[in-house]
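Working notes, beginning with the structure itself.
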Amino acid sequence: MSLKMSGHFTYKRLLRFVISPILMIICTAVYGVVDGFFISNYVGKIPFAAVNLVMPVDMVAVAIGFMIGEGGNALISKKLGESKRTLANQYFSLLIYATAGIGVVLSLSGYIFTPVIADILGANEQLKPYCVEYGKILFAAQFFYVLQNIFQSFFIAAGKPDLSLKVSLLAGGINVVLDVLFIVVLQWGVAGAAWATAIGQVAGGMVPLAYFARKNSSLLQITGTRLNWPVLFKTITNGSSDMVSVLSASIITALYNYQLLSIAGEDGVAAYGAIMYVTFIFMSIYLGYASGSAPLISFQYGAKNHGELHNLVRKSIILMLGLGGIITVVAELAAEPLRGAFVGYDQELFSLTVHGYCMYVLAFLLMGLNIWGAALFTALNNGLVSAAISFLRTFGFEMAAVLLLPLWLGIDGIWISIFVAELCTCFFTVYFVMRKREVYHY
């Protein structure tokens with residue numbers, strides 16, 4: 001099914017367009033939750049904490065994929081809106097080749113330097129063996145993971161968001177089945193979890209590559225191209241906010257782990273890992289909407305259809321604010337059953353996790369507006385404003401909150417840090433959206 005990016009978007013049509021990327025990212029989050037569930041319940045809380053300590057580094061592949069995928073999406077969708085399909089395919093092909101080269105470097109360097117990475121992350125004698133065992137396998141597969149992430153974005157620009165969902169279901173399904181086989185049946189421990197994830201990532205990267213490498217029914221195909229530095233530079237600047245968002249989330253997660261390790265030990269890291277596994281499911285709704293709606297904005301911007309741009313922006317703001325309230329209520333109500341699935345076997349850890357989770361999810365009230373606001377300016381090819389919002393949200397406000405609030409509030413200061421950061425960022429998001437409204441008002 002190919003969904004057209006032209007024409008007027010009602011709420012129904014808009015939600016129909018973005019539902020596949022939303023479900024795709026939710027599926028990715030759910031598969032991560034399944035990994036965490038099996039490791040915590042069948043391997044133990046120390047290996048679970050070790051995996052969560054390493055996980056932020058794996059997000060480098062996500063950061064690269066999002067940067068090139070979302071930044072390139074803006075360029076490619078704009079060219080498609082200008083009816084320059086041949087040029088769009090050349091840009092698309094160039095970005096795929098560049099991503100493959102970056103993936104090779106990530107895989108080799110990650111595999112070689114895994115022990116050093118574990119030391120930098122603060123792994124103690126109990127955690128380090130599990131960090132190295134899990135990390136070496138996971139980092140070796142980053143070539144495929146970075147391809148998987150970039151294709152998730154390009155499927156949307158190609159008018160095939162449903163295929164993005166199908167590839168995610170395939171990769172995630174392989175991951176889940178192999179988790180059961182490797183962890184529960186064969187009892188391979190954290191290595192089994194890493195192999196299950198890596199094999200799923202191989203499928204997630206190679207299946208889309210095979211699809212776009214041949215003639216297909218989408219708007220995009222890998223063709224011959226040439227090195228074009230301005231296109232690469234524009235892609236990086238456009239997608240810099242997405243890279244900043246993911247990389248900063250990775251750094252912030254490592255900082256959370258460091259603070260929690262010093263205050264509450266391995267239990268603190270395990271509690272935060274359990275919180276993050278579940279909250280990412282809810283966060284995925286915002287990420288999926290931002291990813292799915294951005295090509296629509298870029299297309300209408302390229303077509304100079306300012307009336308439809310106004311329509312998309314207005315509807316998106318209403319949806320993000322409405323969803324914020326709904327998601328926060330649902331997340332709070334789901335606290336105990338979701339946490340029990342991960343750490344119910346340890347009452348002290350369970351109590352710590354539920355207490356932190358209930359404060360942490362307050363951030364969902366405003367998170368959607370901030371995530372979408374950054375994506376809006378990426379779609380408008382204004383990477384500077386987009387990066388400013390993302391940078392303030394994470395490297396600015398959240399990092400400061402994680403470092404400073406525990407000095408006065410103890411461990412509660414860590415749990416509430418993200419809400420404080422989202423609240424502060426919201427003022428800047430609204431300011432930038434109002435300041436640039438001449439672009440999408442008519």
Side-chain angles (χ1 to χ4, degrees), residues 1-7 9 13-25 27-28 65-100 103 144-172 201-225 228 231 235 238-239 242 288-303 312 375 378-379:
M1 178 180 65
S2 180
L3 299 178
K4 294 182 179 179
M5 291 191 284
S6 57
F9 278 82
R13 190 179 175 214
L14 177 58
L15 290 173
R16 182 173 171 236
F17 194 93
V18 301
I19 190 64
S20 287
I22 290 174
L23 291 175
M24 176 267 296
I25 298 181
C27 285
T28 302
F66 267 61
M67 177 186 70
I68 298 177
E70 297 301 313
N73 243 346
L75 280 177
I76 292 167
S77 297
K78 185 171 182 289
K79 291 305 173 185
L80 290 172
E82 295 170 351
S83 300
K84 297 178 180 178
R85 187 171 174 180
T86 300
L87 194 57
N89 276 315
Q90 290 176 358
Y91 289 0
F92 169 67
S93 303
L94 172 64
L95 296 177
I96 296 301
Y97 299 142
T99 302
F144 304 100
Y145 196 31
V146 72
L147 284 177
Q148 180 180 348
N149 278 281
I150 191 175
F151 281 126
Q152 286 176 348
S153 298
F154 285 141
F155 267 126
I156 300 169
K160 295 285 187 176
D162 55 315
L163 289 183
S164 179
L165 175 60
K166 290 176 182 177
V167 171
S168 294
L169 288 172
L170 172 66
Q201 290 170 355
V202 171
M206 294 308 295
V207 170
L209 183 62
Y211 175 82
F212 284 113
R214 61 181 177 83
K215 189 174 182 181
N216 59 73
S217 59
S218 78
L219 298 175
L220 298 175
Q221 182 183 349
I222 297 175
T223 63
T225 187
N228 189 324
V231 169
T235 296
N238 277 350
D242 299 281
Y289 183 89
S291 178
S293 62
L296 296 177
I297 292 171
S298 296
F299 184 94
Q300 301 297 344
Y301 181 54
L312 289 169
T378 297

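Rounding to the nearest 0.5 Å gives a distance of 8.5 Å between OG of Ser293 and CD1 of Ile22. Distance check, rounded to the nearest 0.5 Å: CD1 of Ile297 to OG1 of Thr378 gives 10.0 Å. To the nearest 0.5 Å, atom CD1 of residue Ile68 and atom CG of residue Asn73 are 12.0 Å apart. Considering CD1 of Ile76 and CG of Leu220, their distance stands at 6.0 Å, rounded to 0.5 Å. Atoms CD1 and CD1, from Ile96 and Ile150 in turn, are 4.5 Å apart once rounded to the nearest 0.5 Å. The CG atom of Leu312 sits 10.0 Å away from atom CZ of Phe17, with the distance rounded to the nearest 0.5 Å.
Considering every non-hydrogen atom in both Gln152 and Ser168, the closest pair reads NE2-OG, 3.5 Å. In terms of heavy-atom proximity, Lys79 sits nearest to Ala88 at CB-CB, 4.1 Å. Listed here is the closest heavy atom pair of Gly292 and Leu296: O-CG, 4.1 Å. Taking every heavy atom of both residues into account, Gly224 and Gln90 meet most closely at O-CG, 4.0 Å. The nearest pair of heavy atoms linking Glu82 to Gly302 is CG-O, 3.7 Å.
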Evaluation steps, side chain to side chain contact (heavy atoms under 4.5 Å, CB included), between Tyr97 and Ile222: CA-CA 9 Å; Tyr97 299 142; Ile222 297 175; 3.3 Å; yes

Trace of the side chain to side chain contact (heavy atoms under 4.5 Å, CB included) decision for Phe151 with Val167: CA-CA 10 Å; Phe151 281 126; Val167 171; over 6 Å; no

Tyr289 vs Leu14, side chain to side chain contact (heavy atoms under 4.5 Å, CB included): CA-CA, chis, key distance, verdict: CA-CA 10 Å; Tyr289 183 89; Leu14 177 58; 3.2 Å; yes

Step-by-step side chain to side chain contact (heavy atoms under 4.5 Å, CB included) determination, Leu169 to Leu23: CA-CA 9 Å; Leu169 288 172; Leu23 291 175; over 6 Å; no

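Judged purely by atom type and a 3.5 angstrom limit, Ser298 has no side-chain atom pairing as donor or acceptor with the backbone of Lys78. Here the side chain of Asn89 pairs no donor or acceptor atom with the backbone of Ser93 at under 3.5 angstrom.
Annotation: side-chain contact (heavy atoms from CB on, under 4.5 Å) contacts of Ser291 (sequence neighbours excluded): Glu70, Ile156.
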In a table with atom names and distances, give each donor-acceptor pair under 3.5 Å that connects a side chain of residues 201-215 to protein atoms at least two apart or in another chain.
none

